[in-house]
Amino acid sequence: MIQNDLEKIREAALARLKAADRADIIDAIRVEFLGKKGSLTEILKSMKDVSKEDRPKVGQLVNDTRAAIEDALKERQKVIEEFMLQEKLKKEVIDVTLPASRRKIGHLHPNTVVLEELERIFIGMGYEVMEGPEIETDYYNFTALNIPEDHPAKDEQDTFYINGDILLRTQTSGTQVHAMEAGRMPIRMIAPGRVYRSDAVDATHSPTFHQVEGLVVDKGITFADLKGTLAEFAKQLFGEDTKVRFRPHHFPFTEPSAEMDVSCFKCGGSGCSFCKHEGWIEILGCGMVHPHVLEMSNIDPEEYSGFAFGVGLERIALLKYEIDDMRLLYENDIRFIEQF
Ligand code: DAH
């Protein structure tokens, strides 16, 4: 009688398990058959009705049935777990062929792009890159550059004074003096850097901007060296077809002095709105180093001569990228910077 019941329970449990396809169903089956009120537990309760001599045999049978059901439960549970794992893996699959999300990276500022280009050109011609202090004395910024106390150039370059003698440099030309005082001949250097002038901000002015100074001092340097060097510079910066012209000018620290124009790189020199129909665009100031300037830095003008030039970095950047407002260079709006 009990044997029959046990057999039925076993078959029922195994049949139910075979159809079970979720972990919670397995749990329910465990409770239903092996739980406190489960059918197998009920059978155990009826053991008291079994005759003494049959008890060990029936007891063994109950244990076998329990073991069989437990094994089947475990087996099924494993199958379901494996199935769930596979389902999960299928859902979480990563397509490695999908393009990655783009990371935004920074951009070089147009000033930096132009400066690196200038450095590349002059380093290629054997120049070294120097840097001078932004805080200067009156001597380096003016006096040693042949700009005496009452010289109008001192008013022209509205100077930020820190005290009577110390100022924010108005030009990078002071680095010429530092280079000459160092006394290592010959000198072939450029010196980029920030300069300051007490100017109001507008589309073409800023109280701080950047210049690149150039200085060559050696025996036998002539105006022809200046012209050849700067013509080559212009070609490398604006293109092989670029022509240059030199207009007489005045700077206190050079004699003779000139301003250099390049042929308009938009129209090739025929005249357009970009060059205001001139065909030429002013690029830099230059000249032969004034003998007095050499002398003040202990260089004998009878033995040595040199040329110098000064370029406005922002001016080149504005021209090269056709930017019509200098303020854009200082606002650092990433939407603007990103374009270079
Ligand atoms: N220092 C001048 C300025 O700020 C630019 C300049 C002109 C520099 C002629 C030079 C030069 O070295 O030879 O306007």
Side-chain angles (χ1 to χ4, degrees), residues 115 118 122 127-134 136 138-148 151-160 167-181 187-199 204-218 221-231 233-234 244-262 282-294 296-297 299 301 304-316 318 326:
L115 176 58
L118 257 63
F122 281 104
Y127 286 57
E128 67 175 309
V129 179
M130 267 187 63
E131 259 177 62
E134 288 177 26
E136 273 290 17
D138 198 89
Y139 178 77
Y140 285 98
N141 197 75
F142 294 121
T143 313
L145 291 165
N146 205 26
I147 307 171
H151 198 282
K154 263 180 127 161
D155 301 329
E156 277 164 29
Q157 303 185 354
D158 298 295
T159 311
F160 284 118
L167 48 82
L168 297 178
R169 67 178 175 192
T170 60
Q171 49 186 0
T172 46
S173 302
T175 43
Q176 290 187 31
V177 181
H178 291 289
M180 289 187 289
E181 283 185 350
I187 298 168
R188 233 176 248 106
M189 70 86 171
I190 56 166
R194 194 185 274 270
V195 298
Y196 302 84
R197 288 181 199 182
S198 170
D199 272 330
T204 52
H205 291 88
S206 161
T208 171
F209 56 102
H210 299 79
Q211 291 184 331
V212 179
E213 196 72 21
L215 176 69
V216 171
V217 181
D218 201 353
I221 297 292
T222 69
F223 202 90
D225 296 307
L226 178 156
K227 283 175 88 172
T229 302
L230 295 180
F233 160 65
V244 293
R245 74 173 183 190
F246 294 84
R247 281 178 291 100
H249 201 76
H250 173 263
F251 297 105
F253 35 88
T254 46
E255 182 58 36
S257 304
E259 278 186 332
M260 186 178 87
D261 298 341
V262 295
E282 184 208 317
I283 285 298
L284 54 78
C286 57
M288 299 306 292
V289 182
H290 198 294
H292 190 214
V293 170
L294 291 173
M296 277 187 282
S297 291
I299 293 172
Y304 287 100
S305 55
F307 68 82
F309 54 92
V311 195
L313 201 57
E314 279 81 355
R315 180 162 172 73
I316 304 284
L318 295 180
M326 194 175 182

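Both ligands and their constituent atoms are indexed starting at 1 by order of listing. Values below: all heavy atoms of this structure, side chains included; hydrogens, waters and symmetry mates excluded.
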Student: Which is closest to atom 5 (C) of ligand 1 by heavy-atom distance: C286, G214, G310, P252?
Tutor: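 Shortest heavy-atom distance from atom 5 (C) of ligand 1: G310.
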Student: For ligand 1, which atoms have a heavy atom of Q211 less than 4.0 angstrom away?
Tutor: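 Answer for ligand 1: 3 (C), 4 (O).
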Student: State yes or no: are the ring centers of F223 and F307 separated by less than 6.0 Å?
Tutor: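 No, the ring centres sit 6.0 Å or more apart.
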Student: Please identify which atoms of ligand 1 are closer than 4.0 Å to at least one heavy atom of S173.
Tutor: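 Answer, ordered by atom number: 1 (N), 8 (C).
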Student: Could you pull out all residues at least two apart from E134 that satisfy side chain to side chain donor-acceptor pair (under 3.5 Å)?
Tutor: Y196
Student: Check the angle between the aromatic planes of H292 and H290 and answer parallel, tilted or perpendicular using the 30° and 60° thresholds.
Tutor: perpendicular
Student: Can a side-chain donor-acceptor contact be found between Q211 and Q171 if the only test is distance below 3.5 angstrom?
Tutor: no
Student: Output the list of atoms in ligand 1 that are nearer than 4.0 Å to some heavy atom of T254, sorted by atom number.
Tutor: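 Contacts of ligand 1 toward T254, numbered from 1: 13 (O).
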Student: Would L215 and T175 count as a side chain to side chain contact (heavy atoms under 4.5 Å, CB included) here? Give the steps.
Tutor: CA-CA 9 Å; L215 176 69; T175 43; over 6 Å; no
Student: Output the list of atoms in ligand 1 that are nearer than 4.0 Å to some heavy atom of G287, sorted by atom number.
Tutor: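 That gives atoms 13 (O) of ligand 1.
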Student: Using a strict 4.0 Å cut-off to heavy atoms of Q176, name the atoms of ligand 1 that fall inside it.
Tutor: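 Answer, ordered by atom number: 12 (O).
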Student: On the 0 to 90° scale, with breaks at 30° and 60°, tag the H178-Y140 ring pair as parallel, tilted or perpendicular.
Tutor: parallel
Student: For A308, counting its heavy atoms only, list the atoms of ligand 1 lying under 4.0 Å from any of them.
Tutor: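 Per the distance check, 12 (O), 13 (O).
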Student: Between the candidates H249, R197, Q171, E259, which shows the shortest non-hydrogen contact distance to atom 1 (N) of ligand 1?
Tutor: Q171
Student: Heavy-atom contact check, 4.0 Å cutoff: does F253 meet ligand 1?
Tutor: yes
Student: Output all residues satisfying side chain to side chain contact (heavy atoms under 4.5 Å, CB included) with S305, sequence neighbours left out; order by chain, then residue number.
Tutor: I221
Student: Can you list the ligand 1 atoms lying under 4.0 Å from a non-hydrogen atom of G285?
Tutor: 7 (C), 9 (C), 11 (C)
